[in-house]
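What you see is a predicted model; the values in this text were computed from it and never measured.
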Amino acid sequence: GDIMEETGALIRKRRATISTGKCVPLKQVNGRSEVDESVNGRSDSGNIVTKRNVSDLPSTTSKERKKRINVPSDRQSCHRLQESLLSSASGYRNYRGVLNWCVVMLCLTTVFCFSRYGILVDPIQVVSLFIKDPYNMPAACLVIVSNVFIVAALYTERRLSVGCFSERVGLLVHSINLSVTLCFPVTIVLMVKSITPVGGASALGVYTVLFLKLYSYKDVNKWCREMSHAKARSLARSLSCSSIPRSRESGQDYQVSYPGNVTLRDLYYFVFAPTLCYELNFPRSPRIRMSFLLRRLFEMVSSWMIPIIQSSMKPLEVNIIPLFSLSHQVPNHLLWLIFFYWFFHSSLNFIAELLQFGDREFYRDWWNSETITYFWQNWNIPVHKWCLRHFYKPLLKSGVSKWLGQSAVFLASAFFHEYLVSVPLKMLRPWAFMGMMAQLPLAWFVARFLRGNYGNAAVWLSLIIGQPIAVLMYVHDYYVLHYREGEY
């Protein structure tokens with residue numbers, strides 16, 4: 001009887017303990033509950049927890065304990081289904097560290113070459129590439145004369161805006177001005193013997209850019225007059241992209257409308273802006289970032305400090321076969337990549353930051369090109385926008401087919417490539433023209449038979465092998481013409 005009474009008292013005490021504990025909340029200790037502490041064998045007070053203590057803890061049943069044991073914790077499972085970062089299926093796109101590695105390697109290479117070989121780039125030799133005589137600089141004078149064509153275009157547009165010139169007269173004056181813009185520098189470069197090839201190429205490059213800019217300036221103002229005749233008071237931003245409103249000194253936002261844009265200041269801003277397509281209201285950045293500006297300046301200067309390989313031209317004296325050697329093509333390709341980064345990223349961003357020019361899309365991901373067409377559409381965005389806006393689309397509107405329009409664009413590009421190479425070298429060679437026209441069948445072949453990585457590899461092969469061959473052909477012919485003319 002005594003045993004039964006003690007057993008009943010013990011059961012009543014245990015039930016009272018459980019019923020009391022249902023209202024007690026579990027306290028978190030370092031992110032873990034008392035139940036977790038009890039399972040690990042130690043309570044909050046530091047005492048050893050027995051099986052009876054565990055059974056007395058509130059809201060803990062045998063089913064819950066079994067469920068907690070069956071579910072793997074972070075310590076038990078550390079693997080999941082995932083791809084490696086460099087795999088295309090991973091979707092990883094942040095390679096900023098690789099770009100920083102390239103910059104570090106460039107700096108270390110420059111320091112190593114400077115400490116071992118000294119300064120290989122002689123400033124006097126660099127200057128002599130542009131001018132022979134410091135008191136006679138025809139290339140610089142030729143660039144200064146280009147202001148005459150800028151003023152002529154502005155004068156023509158002012159006459160057209162007030163009705164002094166008809167559209168036919170304005171088109172005739174613009175056509176003469178643009179034709180002389182291309183022909184005048186050719187005449188000077190070919191006649192003046194003191195102009196160096198590099199100086200002549202630089203001057204012709206300035207005039208080519210000016211020709212494209214003035215052509216765009218003419219077209220956009222003509223579109224504005226057509227809209228004005230249709231009783232449109234201002235040019236909508238549909239011709240361009242949205243911009244950050246600019247403020248005058250009064251602090252009021254404004255947008256320029258035609259003919260308020262026909263001013264000397266507006267035209268010269270467009271001439272120096274890193275774009276070939278004219279707009280009345282360019283997108284503008286709110287301020288000049290000095291840190292960004294200094295980084296671009298450092299990159300521009302560092303590119304010029306890369307030591308130039310002073311290789312001999314003796315292999316070119318024997319025959320033309322060494323031109324196809326990778327020992328000539330790979331360094332040429334690397335120099336082309338350096339030029340791309342120096343011009344399209346560092347230089348154009350430097351100019352854009354100075355002028356607070358907002359549209360910084362000077363190139364796209366041409367290195368991922370799977371077709372030749374995609375490469376030419378994305379590696380030089382300013383030229384691509386100009387061709388699309390002022391050449392290709394007008395051809396389509398006139399009834400020309402897409403294939404014929406694309407062929408016309410490649411033909412015009414081939415002409416300007418030959419214009420910028422043959423004239424400064426003062427020798428007519430078809431290598432640049434043929435190289436550009438060869439892109440048409442190559443583009444068809446790659447798009448028709450190669451896809452994905454194979455297409456991308458074909459694009460890279462054309463860049464590594466095709467372009468260097470054309471450049472080295474000009475080097476070979478120039479050497480033969482000026483240094484070995486008596487032996488051939």
Side-chain angles (χ1 to χ4, degrees), residues 82-106 299 303 306 323-346 348-349 360-388 392 402-403 405-407 409-414 416-417 431-473:
Q82 57 185 336
E83 297 286 346
S84 299
L85 289 183
L86 296 181
S87 300
S88 58
S90 66
Y92 184 76
R93 295 293 181 269
N94 185 11
Y95 299 102
R96 183 68 185 178
V98 178
L99 180 60
N100 292 333
W101 171 79
C102 294
V103 175
V104 171
M105 291 300 297
L106 175 63
E299 291 171 355
S303 299
I306 297 175
L323 290 176
F324 298 92
S325 175
L326 290 178
S327 62
H328 292 94
Q329 295 170 7
V330 172
N332 193 302
H333 175 68
L334 293 177
L335 290 177
W336 179 82
L337 291 177
I338 293 172
F339 168 78
F340 166 80
Y341 188 87
W342 173 82
F343 183 77
F344 286 96
H345 185 74
S346 301
L348 293 185
N349 270 291
R360 309 294 177 87
E361 190 185 36
F362 305 122
Y363 55 90
R364 298 193 187 111
D365 60 334
W366 58 264
W367 46 87
N368 294 326
S369 302
E370 296 180 359
T371 61
I372 300 296
T373 305
Y374 185 87
F375 167 78
W376 288 109
Q377 291 175 349
N378 292 275
W379 95 278
N380 191 340
I381 295 301
V383 172
H384 171 68
K385 286 183 177 179
W386 189 95
C387 292
L388 193 66
Y392 181 70
K402 290 185 177 181
W403 184 87
Q406 292 177 357
S407 301
V409 171
F410 273 98
L411 182 64
S413 180
F416 279 107
H417 276 78
W431 311 128
F433 186 86
M434 292 175 59
M436 283 301 303
M437 296 308 297
Q439 299 294 311
L440 286 174
L442 181 62
W444 174 84
F445 177 81
V446 173
R448 180 69 175 81
F449 298 102
L450 300 177
R451 297 286 182 179
N453 292 332
Y454 296 102
N456 183 250
V459 173
W460 276 110
L461 283 176
S462 68
L463 296 176
I464 297 173
I465 298 177
Q467 293 182 359
I469 288 179
V471 172
L472 292 173
M473 292 287 284

Original post:
Taking atom types as modelled and ignoring hydrogens, do the side chains of D365 and Y374 form a donor-acceptor contact shorter than 3.5 angstrom?
Top reply: yes
**OP:** Hey, could you give me the CE/CH2 distance between M473 and W431, rounded to the nearest 0.5 Å?
**Re:** 3.5 Å
Subject >> Residue among F343, W379, F344 satisfying ring pair (Phe, Tyr, Trp, His ring centres under 6.0 Å) with W336 >> reply: W379
Subject >> Gap separating the CG atom of L463 from the OG atom of S369, nearest 0.5 angstrom >> reply: 8.0 Å
Original post:
With a 3.5 Å cut-off and no angle check, do the side chains of E370 and Y454 form a donor-acceptor pair?
Top reply: no
Subject >> Value rounded to 0.5 Å, distance of CD1 in I381 from CG in L348 >> reply: 12.0 Å
Only pairs under 3.5 Å count here: list side-chain donor-acceptor contacts from residues 445-452, not counting sequence neighbours, and write none if there are none.
| unit_1 | atom_1 | unit_2 | atom_2 | d |
| --- | --- | --- | --- | --- |
| R451 | NH2 | A447 | O | 3.3 |

Original post:
Is there a side-chain contact between W367 and F375, using heavy atoms and a 4.5 Å cut-off?
Top reply: no
**OP:** Report the residues that fulfil salt bridge (charged side-chain N to carboxylate O under 4.0 Å, His left out) with R364, sequence neighbours left out, ordered by chain and then residue number.
**Re:** E361
**OP:** Please list, chain by chain and in numerical order, all residues satisfying side chain to side chain donor-acceptor pair (under 3.5 Å) with Q439, sequence neighbours excluded.
**Re:** W376
Subject >> Closest non-hydrogen atom pair, M437 against P441 >> reply: O-CD, 3.4 Å
Original post:
To the nearest 0.5 Å, what is the distance between OH (Y341) and OH (Y363)?
Top reply: 7.0 Å
Original post:
Looking only at atom types and distance, does a side-chain atom of H384 sit under 3.5 Å from a main-chain N or O of N380, one as donor and one as acceptor?
Top reply: no
Original post:
Which atom names give the shortest non-hydrogen contact between W460 and H333, and what distance separates them?
Top reply: CZ3-NE2, 3.8 Å
**OP:** Begin with the C-alpha distance, continue with both residues' side-chain angles, and end with the deciding distance and a verdict on ring pair (Phe, Tyr, Trp, His ring centres under 6.0 Å) for W366 and F340.
**Re:** CA-CA 11 Å; W366 58 264; F340 166 80; 5.2 Å; yes
Original post:
How many angstroms lie between atom OG of S407 and atom CG of L440, to the nearest 0.5 angstrom?
Top reply: 5.0 Å
Original post:
Do F362 and N349 pass the side-chain contact (heavy atoms from CB on, under 4.5 Å) test, and can you show the C-alpha distance, the side-chain angles, and the key distance before you say yes or no?
Top reply: CA-CA 9 Å; F362 305 122; N349 270 291; 4.0 Å; yes
Subject >> CG-CH2 distance between L337 and W342, expressed to the nearest 0.5 angstrom >> reply: 15.0 Å
**OP:** Kindly determine whether T371 and V459 satisfy side-chain contact (heavy atoms from CB on, under 4.5 Å), including the steps that lead there.
**Re:** CA-CA 7 Å; T371 61; V459 173; 5.8 Å; no
